[in-house]
Amino acid sequence: MTDSKRIVLNDDGWIMSQIMTPVTTAVLKERIVDTYVDSGLDTLSWCIGDTGRQRYETVDILAQPHHLPQGRESDLGAQNLRRLIDSDGGPVTIFTKLCHEIGIKFLPSVRMNSHYDRSVADDVGTLRSDHPEYLIGQPDEEFIPNTTQWGIRTGLDYARPEVRSHVAALVIDLFERFDTDGVELDFMRHPAFFRVDEAFGSRHLITDMLLQIRARMDEVSDSTGRDLEILVRVPPTIADSARIGLDVETWIQEGIVDAVAAGGGFIPLHAPVEEFVEVAERTDCQILGAIESLRPATEEESVNAIASRLYEDGASGLYLFNFWHKSADWKRRVLNVLTDPDQLARATKRYEMEFMERLTPNDLHSYAFRYAVPAVQLPVDLGFNLTGRGPVLSLTIGDDIEKAEADGEIAWCMLALGLSDLTAEDELDVLVNGVLLPSESVIRRFGTWSRQEWTKFPERLDEVDYEGGVVEYEIEGPPFRRGENEIEVRTTMRTVMRATKLSLRHVELQIEYDN
């Protein structure tokens with residue numbers, strides 16, 4: 001029996017302001033906690049807000065004249081928070097108790113920065129308006145619109161000692177005053193903490209803040225006997241983390257953190273989780289692969305594929321973001337498979353490569369995401385090369401296709417390529433790990449095809465149409481293999497007198513088993 005994998009699932013606190021029914025302990029139990037009964041979930045993390053505004057039974061850490069919880073009297077979230085505080089102590093108290101009753105851990109999650117527009121006061125609270133000098137962009141500064149510095153200007157500047165002291169006090173409060181299992185520090189919401197030109201050289205400052213939190217957590221753990229942890233969610237590479245001021249390598253190797261969720265889940269098939277695993281060797285730090293419930297992880301088969309790939313690269317578990325909305329039946333069915341590598345090995349999968357336009361900023365806070373997330377492989381323009389070779393794409397899969405086919409367990413395996421501006425006169429050769437896929441197994445369809453893509457917050461996903469075609473290869477197992485695979489696409493003939501570019505915009509591998 002293969003060891004089970006840890007699953008951590010983040011709930012963004014939606015219920016406090018998005019349902020008209022008054023939020024009570026019974027509602028939190030029925031609508032949230034009970035949906036994880038018998039699901040295999042190890043830990044529920046619940047967002048208490050960000051460093052500027054919190055929605056839990058807090059104290060006014062900065063001793064400002066107004067008292068938290070913040071919010072207008074007409075604000076639904078503030079009303080629900082006050083009701084929970086008056087009735088049963090507040091959401092952190094309630095969630096801790098309810099989660100422990102069903103045998104799962106509870107971590108309050110702190111969004112470590114916010115880069116929403118300052119004018120949206122109901123979202124960002126009063127800290128930024130009361131202390132504009134705490135912001136990355138100073139009140140008298142002007143920035144060129146649509147640049148990175150412009151996009152992150154509304155976030156708190158961790159170069160300010162007042163900001164770090166405030167954040168440390170907030171985080172410590174969550175495990176010092178409550179019976180939680182520790183705390184999650186979400187550095188991917190939103191991932192910019194210093195001015196761009198100062199970030200790399202300032203990374204010791206956040207490390208120093210974490211050392212303070214770690215020291216206090218160890219004191220609380222020693223005095224109470226509680227097993228407490230710090231879980232951090234960081235950008236998808238060690239280098240990008242360091243570049244924006246997060247010295248994750250030091251945090252892991254010096255035992256400052258207990259678990260790292262590697263990446264925001266934006267590029268789950270591309271993020272090099274293996275480099276985090278390598279850094280964590282010979283330490284007790286867990287590395288979790290991150291998946292967000294957005295394209296390409298919108299369907300069960302894609303989640304299975306991403307999980308399989310992350311486990312192949314050494315992840316000891318998964319961190320799931322924005323999956324709170326799934327039904328209790330979905331959670332029990334899917335999460336139990338994700339915790340069990342033996343079940344996952346024979347689950348239907350769709351490996352779908354990420355798409356670069358997914359990372360194009362289209363609202364203010366998404367500039368921070370683009371700042372912290374590296375480029376991916378698609379789209380890629382195809383054309384004639386001097387050597388006759390084509391672009392080579394990398395796809396890591398967790399399925400042992402060779403063994404499964406030898407055992408007669410593969411029911412169906414298909415590689416699909418979606419291209420814009422493809423015509424019937426165009427000819428392509430596709431090689432997988434150096435093996436030319438046979439032309440007799442190809443199906444070509446021309447005309448309009450579509451794929452779901454990130455459009456704009458809050459709609460997120462929409463069908464985007466392309467004029468071109470889809471090329472599909474039905475494959476009997478090999479030449480795909482477990483681990484990294486190379487897919488080369490060569491243009492051998494192009495439509496005569498056509499000036500537009502032939503562009504590869506979609507690559508997916510579907511695997512189905514006889515179960």
Side-chain angles (χ1 to χ4, degrees), residues 8-37 41 43-64 66-111 114 120-127 166-167 169-186 189 220 226 228 321-326 328 331:
V8 178
L9 189 145
N10 178 282
D11 185 303
D12 70 358
W14 62 279
I15 198 168
M16 299 298 290
S17 59
Q18 293 187 26
I19 65 172
M20 297 307 297
T21 303
V23 177
T24 64
T25 297
V27 169
L28 295 180
K29 182 177 186 299
E30 177 186 0
R31 298 287 296 272
I32 299 179
V33 178
D34 281 355
T35 67
Y36 300 104
V37 172
L41 183 69
T43 304
L44 175 67
S45 72
W46 189 78
C47 178
I48 58 89
D50 61 42
T51 50
R53 174 174 180 165
Q54 304 82 48
R55 283 184 169 172
Y56 77 104
E57 53 274 39
T58 187
V59 295
D60 193 341
I61 294 170
L62 289 184
Q64 296 168 340
H66 48 271
H67 296 281
L68 297 175
Q70 299 174 29
R72 300 169 302 187
E73 290 301 319
S74 61
D75 181 83
L76 182 60
Q79 293 175 359
N80 282 322
L81 179 55
R82 291 188 174 94
R83 183 182 299 108
L84 288 173
I85 291 173
D86 292 341
S87 63
D88 294 306
V92 172
T93 301
I94 295 166
F95 274 120
T96 301
K97 179 176 181 293
L98 293 176
C99 286
H100 289 174
E101 286 177 351
I102 67 169
I104 65 175
K105 299 174 185 176
F106 175 71
L107 297 178
S109 176
V110 182
R111 296 187 171 190
S114 177
V120 190
D122 191 45
D123 287 333
V124 302
T126 62
L127 178 63
H166 163 70
V167 173
L170 166 64
V171 172
I172 289 171
D173 182 57
L174 290 165
F175 60 81
E176 186 178 62
R177 193 157 56 94
F178 304 97
D179 192 30
T180 62
D181 296 289
V183 67
E184 178 199 339
L185 309 182
D186 189 352
R189 287 298 190 274
V220 172
R226 291 158 59 200
L228 299 172
F321 193 88
N322 273 338
F323 284 88
W324 50 264
H325 64 285
K326 297 293 188 181
K331 292 169 183 174

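Looking only at atom types and distance, the side chain of Tyr56 has a donor-acceptor partner in the side chain of Asp173 under 3.5 Å away.
Residues Leu44 and Cys99 approach most closely at CD2-SG, 3.8 Å, considering heavy atoms. Here the shortest heavy-atom pairing between Pro22 and Val27 reads O-CG2, 3.7 Å. The two residues Glu57 and Leu81 come nearest to each other via the heavy atoms N-CD1, 4.5 Å. Closest approach of Thr96 to Asp179, counting heavy atoms only: CG2-O, 3.0 Å. Across all their heavy atoms, Gln54 and Leu170 have their closest contact at CG-CD1, 3.7 Å. Arg31 and Ile15 get closest at one heavy-atom pair: CB-CD1, 3.8 Å.
Under a 3.5 Å cut-off, the side chain of Thr180 and the backbone N or O of Leu174 do form a donor-acceptor pair. Between the side chain of Asp181 and the backbone N or O of Leu107, no donor-acceptor pair lies under 3.5 Å. Asn80 places a side-chain N or O within 3.5 Å of a backbone atom of Val23 that can act as its donor or acceptor partner. Here the side chain of Arg226 pairs a donor or acceptor atom with the backbone of Phe175 at under 3.5 angstrom.
With rounding to the nearest 0.5 angstrom, the NZ atom of Lys326 is 11.5 Å from the OH atom of Tyr36. To the nearest 0.5 Å, the span separating SG on Cys47 from CG on Asp12 amounts to 6.5 Å. In this structure, CD1 in Ile102 is found 4.0 Å from CD1 in Ile104, a value given to the nearest 0.5 Å. Note that the OG1 atom of Thr25 and the CG atom of Asp88 stand 3.5 Å from one another [nearest 0.5 Å]. To the nearest 0.5 Å, the span separating NE2 on His325 from OG1 on Thr35 amounts to 12.0 Å. In this structure, the separation between CZ on Phe321 and CG on Asp186 is 6.0 Å, given to the nearest 0.5 Å.
Between Phe95 and Asp11 the shortest side-chain heavy-atom distance does not fall below 4.5 Å. No side-chain heavy atom of Arg189 sits under 4.5 Å from any side-chain heavy atom of Ser109. Between Ile32 and Leu98 the shortest side-chain heavy-atom distance does not fall below 4.5 Å. For the pair Arg55/Pro91, no side-chain contact is recorded, criterion being any heavy-atom separation below 4.5 Å from C-beta on.
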Problem set entry | side-chain contact (heavy atoms from CB on, under 4.5 Å) between Phe178 and Thr93, worked out | CA-CA 7 Å; Phe178 304 97; Thr93 301; 3.6 Å; yes

Exercise. Given the rule in the side-chain contact (heavy atoms from CB on, under 4.5 Å) test, do Val110 and Thr51 qualify, once you have shown the distances and angles that lead to the verdict?
Worked result: CA-CA 7 Å; Val110 182; Thr51 50; 4.3 Å; yes

For this session: Determine, stepwise, if the pair Val171 / Val167 fulfils side-chain contact (heavy atoms from CB on, under 4.5 Å).
Result: CA-CA 6 Å; Val171 172; Val167 173; 4.2 Å; yes

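In this structure, Lys331 fails the cation-pi test against Phe323, since its NZ or CZ atom is not both closer than 6.0 Å to the six-membered ring centre and inside 45 degrees of the ring normal.
Other residues, nucleotides and ligands contribute more than 12 heavy atoms inside 6.0 Å of the CD atom of Glu101. Within 6.0 Å of atom NZ in Lys97, 12 or fewer heavy atoms from other residues, nucleotides or ligands are found, so the atom counts as exposed in its surroundings.
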